[in-house]
Amino acid sequence: MHIVVCVKHVVDSTEIHVDKKTNELVLRGLSTKINDYDKNAVEEAVKLKKELGATVSLVTIGPRDAQKTLKEALAMGADDAYLLQISPRQQLDTAQASLILSKMIEKLEPVDLVLCGEVSEDGYNSQTGARIAERLHLPHVSYVTKLSAQDGGYVAESTLEDTAETLKGATPALLTISSAINVPRLPTAIQIMKVRTSRIKNVKLADLGLDDSVLETPKVKMLGYEIPEQERKNIMIDGTASEAAASLVKYLQEEKVM
Amino acid sequence: MDAVREFLPFMPAGAGAIIYPLSILFIGCMVYGCYWRFQRYGVSLRDAWNEVRGDAKTEGAARLGNVIRQALLQKKVLRRPFAGVFHGGIFFAMLVLTLGTMTVALQQDLLGKLGLTFLKNGVYFAFEFALDTAALAFIAGCLAALGRRMLAKPDYLENSAESYAVLGLLLFIGATGLLLEGMRLAAHPVPWGYWSYVGSAVAAFIPAAAVPAIYPALWWTHLFAALTMIALVPFTKLYHILAIPVNLFLEPVGVAKAKLSMPFNLMDMAEDEESEEETGEEEPEPVMGFAKVQEIDWKRKFAIDACANCGRCESVCPAHAAGRELSPRLLVQGLKHSLAAGVPAPALMKRAEASDLILDGEEHLGEAEDVFAEGVLTEEAAWSCVNCGACMEECPASIHHVEYLLDLRRHLFSEGRVKDKQATLLEAVERNGNPYGLPSYERTEWLLDKGIPDIEDNPDADYIYWIGCAGAYGIRNQEVTLATLRLLKAAGINFAILADEKCCGEVVKRLGEEGRFQLLAAENVAYLEPYADKTFITSCPHCYNTLKHEYRDFGLELNVIHHTELLAQLLKEGKLPLETKDAKLAHIAYHDPCNLGRFNGIYDAPRDVIQKLPGATLVEPEKHGDKSFCCGAGGGNAWFNVEEKEKISSIRLKEICASAHPDVLAVACPYCLAMFDDAVKTEGMEKTLAVKDISELLADALPASADDGANVEAKAAIS
Ligand code: SF4
Ligand code: SF4
């Protein structure tokens, strides 16, 4: 069994903030790392590897620094890694990314399962997985919260708000993995360091039959962004339990939420 | 005629001479036994000898000093009121009796033959008196020890058949010795008999006529018993008599108590890595901790083998007291058994029905993966240690329990056997530079907004106030930070903070993720280096340790003081005006944080501050100073949960209240503050007990005018 996991190298979303002086979003100079949700996908792949003796390949598009992300995922137990290097300033939308990734995956065929994280913590689009499946003509299950597989087929539970469906299907298929599925293992710093950079294979657009124009033709245009106003009222309610409940109801009614 | 000792009465001629070959035989057994035992340390005699000789050359005198203090003078042993005294009694008596016997031999078989008699008259009387007193102390000590095992039965003491047999043997040797003396004095009374006051008392009960018949048999029995004891040393728990002094000598001197080992240096490895990429040769991954006791350095094997199973460590262990799965005694004993077995020993540490942990017998179960699989301890036990150092403070064998546990944690980490909360914690530290997982930019922003100067704005600052993660992000601890800043300003201290401060990495190190700690430390060291000429003030004793002791490994020597030290000094110099008017009277108990007290010996400064607080009376809990009892947060335990019966913080809080009856509990560590704040709620004591950091108490006593004294902006900024 061959499993390909798409991983993304992202800026640390917990560190994104608004510069108080300029009121601009601070995105540069932040630490970068592996997309947390992709770690769940890697973990699931590595579990299947242990169970079924699968081979796990990683694919990513990113700056040179994305080697860090791949090394971490390799230290978690993946076997191979493929990086399509772009400039750190280059932004890709989900259409561009899915096109490139699907070509990278095609190159790795035969592939039984493609796993993606449910979302990336920088863009929060939740599109790339589904788009890749479409391009590769693969059946696709999203938000997978439970997974088992054997050669030729898989059983996945997909959980959406308050419904859970269990789906049985044949491979090849693409699954997007929910963060609820597992707790990814944490390789030690040494284990990550000891992964040789030479294990990461560089892929060129030309190898995929694409040219640089793909980087310059986004399907989505960013017009601007605004920081949503968020105000807390910070109301403290005193009194006995029944008094407090009564005043809480009053407040909620005033807010028209009840 | 001179008064001298009658040598071997009632014995056939030549009996004296036979002692020597017999002694050689039994001592030979002992030496052989030691060699047999030595083999389990996995080092050749020559290598061990060379190493010890090297150590002796560099710091031999200092180490010998340690041996004298701890072993000969029984410093650690005597920390215990009862067990310390009777062990001291047995030990000193045995020393005197052995030296006494050797003196008699010297007199009789060497000096006497040369016609020299020094053991006579006054000297002899004193000698008899000393030996009789020693014999009395010896027997009393053995009886007390037996009584403790049979009557008091403290639960940290393991009552094995072996311990009774050994004590019985000692008692037998003492009793027969006295009986022999009594017989001699009964049959051949001497006018100076009262010097041998114990022997004379025994003689009163012995019919003189029976002596010649019984004496020889008893003499032989006594001799054999004494020699047997010597031969048994390496085969029984008596081994500690030899092993502890040697282990004390093997221990390096001058290592700060707070300092943890550094098993490898990542920076060196990074260089190797580059050359590896070039040559294509792969360096093996460095070993993280140990999986089996056979893997550790021989000196550390020797150390655990020196454990006398006295239970002192267990009796003071907060983790054990809280009903966690850890006992430092059983950890060491488990490792010791595993070492002795050569092959893994079985489930040594098990939870018994009653409550306590018990040791099983030594069945061999064949090869196990690691000490956890062997059953020496559970993973939960390894995470249960709060790194309080109480065990090490008590251990007469100077065993470093925390280091063994740390290595086991390192092993668990390398295998990915960690708790989810621990993984989250490490990721938070790695990404956000703090264990709370809060954004790094929020760390000092709130202080800079208040006008607290960053080092770049005040490059001439004499002091750097290191906020620490808790002081920066912990809601309650932010108040301590503000109080400390207010005091610094009131005293006119020229200080700054570091806008880009990051977690010092203490938790990461103590959890056993050495690699991540080193990456973080190296980064911090590079950031701090330019300010190495300044004095760092920390409010957190954990930061204090890391900055002061751990960063040395990375070539950074910092001058670090704890805020209580600075405050005590400022008060002494009269630099902090205090409002004495309307002072509220309060009984203030001080809880010694492990990392400040035991680890760094800072006991007085915090107390000095409290005593100078207007209206304050310092009250001491029963467990204080180097016997303080942890709040439960150390060793990373503030960040994850382990199974326990009662919270360590609750145990401590109740003990403080019961023994000191305070109105205020003063602390000097952000972890302690958080723990006790929580415990006060758990125990429903919010109304009766206030938990405050010493700097808050002192800041409360500042007159309103103090804030505009040194720095006018300060008041606006802080209040
Ligand atoms: S480790 Fe030390 S304190 Fe604990 S039982 Fe052994 S000798 Fe005693
Ligand atoms: S350091 Fe403290 S918690 Fe850990 S074993 Fe020793 S006494 Fe117990």
Side-chain angles (χ1 to χ4, degrees), chain A residues 9-22 24-40 42-43 46-47 50 67-69 71-72 74-77 121-122 179-200 234, chain B residues 263-264 266-267 269-270 272-274 276-278 280 282-289 410-428 430-434 436-443 445 448-449 502 508 511-520 522-523:
Chain A
H9 186 67
V10 297
V11 289
D12 189 337
S13 60
T14 57
E15 290 287 330
I16 300 174
H17 62 290
V18 179
D19 188 307
K20 282 205 169 163
K21 285 178 206 123
T22 61
E24 291 269 318
L25 212 53
V26 181
L27 287 168
R28 300 241 176 278
L30 296 182
S31 58
T32 52
K33 62 179 195 71
I34 181 169
N35 173 32
D36 267 352
Y37 298 91
D38 294 343
K39 288 213 281 190
N40 298 101
V42 176
E43 175 68 32
V46 171
K47 274 192 188 155
K50 295 256 152 77
Q67 288 180 344
K68 212 167 77 179
T69 283
K71 279 179 105 177
E72 181 164 347
L74 285 168
M76 285 174 76
E121 53 184 292
D122 54 351
S179 59
I181 197 168
N182 57 34
V183 179
R185 67 198 65 204
L186 181 79
T188 64
I190 300 274
Q191 287 161 345
I192 300 173
M193 252 181 81
K194 279 282 167 183
V195 171
R196 290 156 155 251
T197 319
S198 55
R199 277 178 66 190
I200 300 170
N234 289 332
Chain B
F264 52 80
L266 215 55
M267 299 309 121
M269 280 175 42
D272 293 349
E273 195 88 346
E274 277 165 29
E276 251 176 55
E277 292 279 344
E278 283 160 24
E282 200 157 344
E283 287 265 326
E285 230 177 76
V287 183
M288 288 274 283
R410 286 171 176 159
H411 167 64
L412 289 175
F413 253 104
S414 70
E415 301 234 307
R417 288 148 78 179
V418 296
K419 290 173 179 268
D420 296 350
K421 282 197 178 169
Q422 294 167 338
T424 313
L425 165 79
L426 290 192
E427 285 180 344
E430 191 169 353
R431 292 193 182 149
N432 308 113
N434 68 79
Y436 297 85
L438 291 169
S440 59
Y441 55 86
E442 283 179 7
R443 185 180 189 103
E445 200 181 53
L448 299 170
D449 285 352
K502 256 191 181 189
V508 184
L511 275 180
E513 214 320 30
E514 182 68 21
R516 277 190 173 76
F517 168 72
Q518 289 194 18
L519 289 173
L520 184 60
E523 213 180 301

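Since the structure is predicted, the reported quantities are computational estimates derived from the model, not experimental observations. Order of the sequence lines sets the chain letters (A, B, ...), proteins ahead of strands, with each chain counted from 1. For the numbers below, each heavy atom of this structure counts, side chains included, while hydrogens, waters and symmetry mates do not.
Of the atoms belonging to Glu427(B), it is side-chain heavy atoms, and not backbone ones, that fall under 4.5 Å from chain A. At a 4.5 Å heavy-atom cutoff, the contact between Glu445(B) and chain A is made by side-chain atoms alone. For chain B, the nearby part of Ile192(A) is the side chain; its heavy atoms alone come within less than 4.5 Å. For chain A, no part of Phe517(B) is nearby; none of its heavy atoms comes within less than 4.5 Å. Contacts of Pro184(A) with chain B are absent, with no heavy-atom separation under 4.5 Å from either backbone or side chain. For Thr14(A), the parts lying near chain B are the backbone and the side chain together; criterion is any non-hydrogen pair under 4.5 Å.
Side-chain N/O atoms of Glu15(A) and Ser440(B) include a donor and acceptor closer than 3.5 Å.
By the 4.5 Å heavy-atom criterion applied to side chains, Pro439(B) and His17(A) are not counted as neighbours.
Counting heavy-atom pairs under 4.5 Å between each of Arg431(B), Arg516(B), Gln518(B) and chain A puts Arg431(B) at the top.
For the pair Glu513(B) and Ala189(A), the tightest heavy-atom approach, listed with the atom from each and the gap, is OE2-N, 2.8 Å.
Here the CG atom belonging to Leu266(B) is positioned 4.5 Å from the CD1 atom belonging to Ile190(A), to the nearest 0.5 angstrom.
Every salt bridge (charged side-chain N to carboxylate O under 4.0 Å, His left out) that Lys419(B) has, sequence neighbours left out, goes to Glu380(B).
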